[in-house]
Amino acid sequence: MENLMHTAPPPVTQHVPNKERFLIADALLARRHYLLEALELLMRYGTLRVQSLAFGLFPNRSQPAAIAAAHRVVANAVAHSLIASADYPAHSFRYYALTAAGARVVREQGGINDAEPTTHLLKKLTRAHHREWTNVCSIAARRRGLESYAETDYYGQAFRQDLTERFGHIPDAVTFANLGNRPTAVWHEIETSRRSMRNLQTRPLRPDETDNSGIGKWRSLLHTLRQRCVLTHRGQDHRLMLVVHCASSTLLSILSKHLGLYAEKLRLQCQGGLHFADAGELGHQQTASWATFALPFESKGAGMLEVRLYLLPEGGTDPGKVWHDSDRFPWQGIEEGFELDGAYNEQFMNP
């Protein structure tokens with residue numbers, strides 16, 4: 001197969017500078033660069049839509065310009081059978097994955113010797129929409145200069161195994177940041193399915209509930225994060241912070257309610273509460289737009305576990321409609337401090 005990444009550019013005569021030839025050479029180099037970067041994104045995240053590829057490839061462009069450029073990159077990759085696609089009828093979304101030929105290019109040109117195709121993920125797209133949100137959340141954090149891994153992230157394989165052994169849970173995404181001068185591991189959970197809301201609403205709340213769905217999963221995660229307190233990464237302790245991205249205000253309110261019931265049952269000091277959007281015209285019912293809580297870690301003197309619940313933009317229906325520079329993007333607002341007493345998590349403060 002033709003070496004797509006390192007094909008020699010057209011020769012340029014040094015005696016008579018030719019602007020057109022220079023522009024052609026630059027365009028070819030840029031085309032090969034973005035093609036390889038797109039293949040590496042698909043290798044890393046498994047499946048992506050054009051909108052997410054545009055987000056990862058061209059974060060400094062406007063959304064229309066980035067998507068147009070991403071379409072050209074995808075068309076080039078499809079023409080060389082480097083990526084494959086499949087449509088998910090439920091959302092009318094098209095997802096792309098890395099083919100065996102694309103994986104070979106990544107191995108040969110990208111230097112990633114164990115790159116593998118991801119087309120097997122196209123055979124079952126029932127979780128593709130959820131995976132897209134986790135991937136976009138990770139890409140958004142990375143474009144802000146932060147270290148971040150999504151649930152199915154290729155680069156987080158060993159990290160996921162470590163989390164499973166130490167926590168018994170795998171986050172939808174995890175981001176390492178310095179928030180309030182404290183090394184922090186932001187544990188992201190994304191709730192988009194109606195089934196999650198139905199389970200939380202209709203199943204009876206049992207005191208001994210320990211199952212891994214609905215209320216039991218929510219309580220188990222809170223208990224584990226309070227018990228562990230920190231996540232050690234690259235030899236440094238990061239205090240834990242939980243951020244839940246909800247598809248609806250109803251789901252956000254239900255999760256907040258059960259968090260309060262959890263704290264009440266264990267007689268924990270719980271700070272925070274729901275925050276409401278403007279009601280607008282008189283008579284319209286207010287809806288919760290976000291929530292912040294703080295629960296004490298189990299270790300005495302370890303401080304508090306911050307729990308934040310945010311609404312996904314567009315009702316969680318389409319991550320492709322939200323651009324990285326929008327104030328409505330899920331990552332926005334994470335940096336805002338949570339006002340507590342002066343001794344809050346002081347053992348995590350950087351000198």
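FYI, the numbering just counts along the sequence from 1. Computed from a predicted structure; not experimentally measured.
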(request) Keeping to residues at least two apart or across chains, list the salt bridge (Lys or Arg N to Asp or Glu O under 4.0 Å) pairs with something in residues 78-92. (result) Asp87-Arg94

(message) According to side-chain contact (heavy atoms from CB on, under 4.5 Å), who are the partners of Ala185, at least two apart in sequence or on a separate chain?
(response) Phe176, Leu231, His238, Leu240

(request) Look only at the side chain of Arg142 and the backbone of Glu147, and say whether a donor-acceptor pair between them is shorter than 3.5 Å. (result) no

(message) Before you tell me yes or no, could you show the steps for Arg127 and His130 under side chain to side chain donor-acceptor pair (under 3.5 Å), namely the whole-Å CA-CA distance, both residues' side-chain angles and the distance that decides it to 0.1 Å?
(response) CA-CA 5 Å; Arg127 284 184 55 83; His130 180 273; 3.3 Å; yes

(message) As a test of understanding, state which of Thr99, Thr152, Leu98 forms a side-chain contact (heavy atoms from CB on, under 4.5 Å) with Thr118.
(response) Leu98

(request) Could you tell me whether Arg219 sits above the aromatic face of Tyr262, with NZ or CZ closer than 6.0 angstrom to the six-membered ring centre and within 45 degrees of the axis? (result) no

(message) Under a 4.0 Å threshold between the charged nitrogen and the carboxylate oxygen, would Glu37 count as salt-bridged to Arg44?
(response) no

(request) Just jot down the side-chain contact (heavy atoms from CB on, under 4.5 Å) partners of Ala173, sequence neighbours excluded, or say none. (result) His188

(message) So that I know where these two stand, are Tyr34 and Phe58 an aromatic pair - ring centroids less than 6.0 Å apart?
(response) yes

(message) Apply salt bridge (charged side-chain N to carboxylate O under 4.0 Å, His left out) to residues Arg239 and Glu306 and explain how you reach the verdict.
(response) CA-CA 10 Å; Arg239 60 110 186 195; Glu306 288 187 41; 2.8 Å; yes

(request) Check the side chains of Tyr45 and Ser138 for a donor-acceptor pair under 3.5 angstrom, ignoring hydrogens and angles. (result) yes

(message) Any salt bridge linking Asp237 with Arg182? Criterion: basic side-chain nitrogen under 4.0 Å from a carboxylate oxygen.
(response) no

